Amino acid sequence: MAARFNPLEADAHWQKVWEERGTFHADDRSARPKTYVLEMFPYPSGRIHMGHVRNYTMGDVLARYRRMNGFEVLHPMGWDAFGMPAENAAMEKKVHPGSWTRDNIATMRGQLKRLGFALDWSRELATCEPDYYGHEQALFLDLNEAGLVYRKESEVNWDPIDMTVLANEQVVDGKGWRSGAPVERRKLSQWFLKITDFADELLDGLDGLDKWPDKVRLMQENWIGKSQGLRFRFSLASPLPPREGSGVGAAEGGPDGFDVFTTRPDTIFGASFAAISPDHPIALALAERDEALAAFIAECKAGGTTAAELETAEKKGFDTGLKVVHPFDPDWTLPVWVANFILMDYGSGAVFGCPAHDQRDLDFARKYGLPVTRVVAPTPEEAGEPIGDEAYVGPGRMVNSRFLDGMSAEEGIKAVVARAEEEGWGEGTTVWRLRDWGVSRQRYWGTPIPIVHCAECGPVPVPRSQLPVVLPEDVAFDTPGNPLDRHPTWTDVPCPGCGGPGRRETDTLDTFVDSSWYFIRFASQPVDEPFDRKTAESWLPVDQYIGGVEHAILHLLYARFWTRALKRIGRLDIDEPFAGLFTQGMVTHETYRGPDGAWLSPDEVEQKGSDWLVAATGEKAEPGRVEKMSKSKRNTVDPEPIVDQYGADAVRWFMLSDSPPERDLPWSEAGIEGSWRFVQRLWRLADSEGGPASTLLGGEPDPALERKLHRTIASVGANIEALAFNKAVANVYELANAIEKAAPSETRSRAVEALLRLVAPMVPHLAEQAWSALGREGLIADADWPKADPAMLVDDEVVIAVQVNGKLRDTLTAPKGSAKELLEEMALASEKVARILEGNAPRKVIVVPDRLVNIVA
RNA sequence: GCCCCUGUGGCGGAAUUGGUAGACGCGCUCGACUCAAAAUCGAGUUCCGCAAGGAGUGCCCGUUCGACUCGGGCCAGGGGCACCA
């Protein structure tokens, strides 16, 4: 064997062998049990970053481990290839988004291949190619036919410079993130998917996802935001006031009331006002003839929408002079205010204010001098207690509430809902925070929405025979806006309905649609349809999905919706797309700032004593926090040169070591050096067995090493299964240490071979190289995972802790399963114990068999 | 504001159901090898203390023979949602 492991040669060699043999091709018709391991596919931004390396290494270890355990593993890779960065690059660098994207894919594919991932590259897909998005268009039409798609006017963030719609995340302090222009609210006709139809099942389905992190389930639950309560109608005590100057009353047929929603109908007798949103139709109608109100509404809209501004925003209101009638008392009227804290797009855009039991309402009431009446009291004594600065939101019994008095709050809720439904002025309802999914994007680089607009027929679906609707290639980005809008040879087509002049829909689909079904296409990719149902169902759901927590809500919720929608329309009988989910932490690195406050890259600084200096100038530098690698903080580390220097295995090993995978991993030079050393150490260990000449014959058995080996086999497997890679790595180190210390023996030879199998999923190139150097048949990738002998997992002797008053004083060794009496006797015989007891008899002795003896003095 | 997570050596972190805290790695110290260095190998490394011993898992209480682990109350850091009625 060579003295050193040479990753530059070995990596390329084994990657070629795996590829030529098709080692990691997933066979749809395999008789082995199937498993599907998937990492979130990357956006082809240009180059692979450390986050990708970490993500794909984790999935790879699991995929290779399952393969060695007899599974047919589907582990595919593709590209989430549509999106804005390609268009931005087109504008800045004068390249076509398509060629920019495809170049990036080529670069990144090459980088991924150098890491030796066990991927089935024959299933590679890119969402920007017609053979993917054409099928997506077909699925869109399926959903449309099923009534799950609709078109509606909706407000969007419009950037007047870039002439495009911005996502909320792209609006920074009310300005476009790129142009810096103040963002306008515009109404546009947009396409929506009816995700709200699935709100209940998406919520209920979370309960079954027991292999998801609780955190993600909770985030989705909050996002879906189910609120149960009462929706009821307030009647206006008098019609809308006369139109100014006209002397005429409210237009006939005008509103005679409005709906409100509450989760606390029990507090109805604590109502002291009604409040409507500044966007409420009644507010808008009143504003037409009331300049003061119009000014107030304008003021509300001017306020910032950032979290910090909302936090400090004052509760502001405007008394309309209108009154509504209390539903339980025709003689009781409440004033109607327009209030800045009422949202038009939640519930009905109107509420009743119960200041005693809602903090917002209380702040509002105190400011405008409205009455505050307690209607819930935690104890009878507190029934008469006035409300101070804090609303009472806890449980209690109803007071000052007529027929509700004495009930619990829960009983009160039921009673009011029952009465409202009986009398016909309200009903128990569920209100969701979840909104329908607006999928229209006024952009070029996305899946064209397969619709043609016709003056006669309205929006008409493109016939399936004409799919895919392919993006035109000849587009220019020298003018802002969507180039599809000014591309007549593409847009102007006959209406599929009547044959008259039609115009293609120029909106493209949100890229989250692309990622809502790619895992299905990976499982089955026929040419003529999106997927073959039987084949897809044979792989799905994804057994283990791994990715960043930043997708905890949107992507994962959309994919869950899409899967359920396909089920509802009878295309795929899968409820949940991802049975297991794991969200990995970020790769972080130290940060530094120079004397001018500018970020410095870590190799621009050097340490001198306890100070950090700018290497070039000798000025003082300030170390910052260890943060997520980002270009702006200048603390990124490009994986490729690292792979050049240390090889794929050292990088992979580092990604798995030390930090628990769900937590952040701090990158360090010392860490990668350590991984490199360990890879070489594994090689020397294999080498110590003498290469192909090693016979595995003769020598004495080594029972201690044997036990260590079997323990390690069991725990490495369990830890990989649990994705606790850092622990699996620690187990491997322990075994390696034990083997190194062991004298040559038959056991030691077998231990080395087993060790290679154990590390094969993590450092596959080294494992193959050593396997072959030891003259073993075939590939270690095809080898079986070693079996742990259960008999070897138990010791025949155990070390027993001897405590006095719970403090460790001594240890003793006893045969496993020794009687309590024997252990107690042995413990009391301890000199150290005797010294502490000073001849006094112990008050009590607790013996935990095979564990400890605790003497209470 | 509401909800959630995390606090263990110089650092990353281990620790079945409450049962020997600090596995494993990094770093550091000393030693071997070397003309020297790197690599490698050996020993050590929670803190205080020469030692005996004592203290110790963010802080304070509590439950227990025994608490990193369970309960109550704080503090700090991170994340999610957010005038959600």
Side-chain angles (χ1 to χ4, degrees), chain A residues 3-4 213-223 225-227 229-231 260-265 267 275 277 303 305 307 309-316 339-343 345-354 357-361 363-364 393 431-433 549-550 552-553 625-626 653-654 657-660 662-666 668-675 677-678 680-681 684 718 724 726-737 740-741 799-811 842-857:
Chain A
R4 266 160 72 99
D214 291 341
K215 176 173 137 181
V216 175
R217 290 196 290 183
L218 191 70
M219 281 164 70
Q220 292 219 348
E221 190 181 319
N222 291 339
W223 185 263
K226 183 179 188 174
S227 296
L230 173 70
R231 188 184 184 104
V260 297
F261 174 75
T262 178
T263 55
R264 294 292 305 274
T267 64
S277 163
T305 53
E309 282 169 313
L310 287 175
E311 179 75 26
T312 54
E314 215 183 329
K315 305 276 172 285
K316 279 189 274 193
N340 65 342
F341 61 89
I342 308 297
L343 305 173
D345 60 1
Y346 185 79
S348 56
V351 301
F352 80 79
C354 177
H357 305 290
D358 181 288
Q359 191 59 45
R360 256 175 345 189
D361 294 349
D363 295 345
F364 190 79
V393 294
V431 164
W432 305 86
R433 208 195 80 98
V549 73
E550 66 272 19
I553 297 173
R625 299 199 310 180
V626 174
W653 187 257
F654 180 76
S657 304
D658 294 347
S659 287
E662 67 278 9
R663 284 206 223 165
D664 290 351
L665 170 70
S668 75
E669 199 68 31
I672 184 69
E673 292 276 357
S675 296
R677 284 199 299 269
F678 184 67
Q680 292 299 340
R681 212 175 125 202
R684 285 195 301 275
N726 58 320
K727 296 188 210 170
V729 162
N731 299 150
V732 167
Y733 271 114
E734 282 192 63
L735 179 59
N737 291 344
E740 278 176 348
K741 285 189 173 64
V799 177
I800 305 285
V802 179
Q803 298 179 339
V804 178
N805 295 331
K807 278 192 200 301
L808 182 73
R809 295 301 176 178
D810 202 357
T811 58
R843 288 200 293 158
K844 191 175 173 186
V845 178
I846 286 136
V847 182
V848 182
D850 295 337
R851 279 275 182 190
L852 60 77
V853 179
N854 188 17
I855 296 157
V856 186

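First the proteins, then the strands, lettered A, B, ... as listed; each starts at 1. Since we're looking at a predicted model, the values are computed, not measured.
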*Kindly say whether, by distance alone, the side chain of A:N854 makes a donor-acceptor pair under 3.5 Å with the base of B:C65?*
yes
*asked:* If I pick the C1' atom on B:A51 and the same atom on B:U63, what distance separates them, to the nearest angstrom?
replied: 37 Å
*Just checking A:S657: base, sugar-phosphate only, or nothing, at a heavy-atom cut-off of under 4.0 Å?*
nothing
*Contact class for A:L218 (heavy atom, under 4.0 Å): base, sugar-phosphate, or nothing?*
sugar-phosphate
*Who is the Watson-Crick or G-U wobble partner of B:G53, with both distances under 3.5 Å?*
B:C48
*For A:E734 and A:R684, take the nucleotide of RNA chain B holding the closest heavy atom to each; which residue's nucleotide lies nearer the 5' end?*
A:E734
*Does a side-chain N or O from A:N726 land closer than 4.0 Å to OP1 or OP2 of B:C24, or not?*
no
Collect all protein-nucleotide pairs involving nucleotides 51-54 of chain B in which both atoms are nitrogen or oxygen and the distance is under 3.5 Å.
from, atom 1, to, atom 2, distance (Å)
B:G53, OP1, A:R835, NH1, 3.4
B:G54, OP2, A:R809, NH1, 3.2

*So, is A:R663 near the phosphate of B:G13, with a side-chain N or O under 4.0 Å from OP1 or OP2?*
yes
*Would you say A:S227 reaches B:A85's phosphate, i.e. side-chain N/O to OP1/OP2 under 4.0 Å?*
yes
*Which part of the nucleic acid, if any, lies within reach of A:R4 when heavy atoms closer than 4.0 Å are counted: base, sugar-phosphate only, or nothing?*
nothing
*Is the distance from OP1 or OP2 of B:A15 to the nearest side-chain N or O of A:K727 less than 4.0 Å?*
yes
*When we call it a touch if two heavy atoms are under 4.0 Å apart, what does A:L665 touch: a base, just sugar-phosphate, or nothing?*
nothing
*For B:U16, the Watson-Crick or wobble counterpart (both distances under 3.5 Å)*: none
*If the P atom of B:G25 is compared with that of B:U46, how far apart are they to the nearest Å?*
14 Å
*Does the side chain of A:R217 get closer than 4.0 angstrom to OP1 or OP2 of B:C4 through an N or O atom?*
no
*Expressed as a whole number of Å, how far does the P atom of B:G71 sit from that of B:G19?*
15 Å
*Between B:U17 and A:R851, is there an OP1 or OP2 to side-chain N/O distance shorter than 4.0 Å?*
no
*Tell me the partner of B:G7, counting only Watson-Crick (N1-N3 plus N6-O4 or O6-N4) or G-U wobble (N1-O2 and O6-N3) with both under 3.5 Å; none if nothing fits.*
B:C75
*If you look at every strand shown and take non-hydrogen atoms under 4.0 Å, does A:V799 touch a base, only sugar-phosphate, or nothing?*
base
_Looking at B:C81, which nucleotide sits across from it as a Watson-Crick or G-U wobble partner, both distances under 3.5 angstrom, or is there none?_
B:G1
*Which residue, A:Y346 or A:N737, contacts RNA chain B at a nucleotide closer to its 5' end, judged by nearest heavy atom?*
A:N737
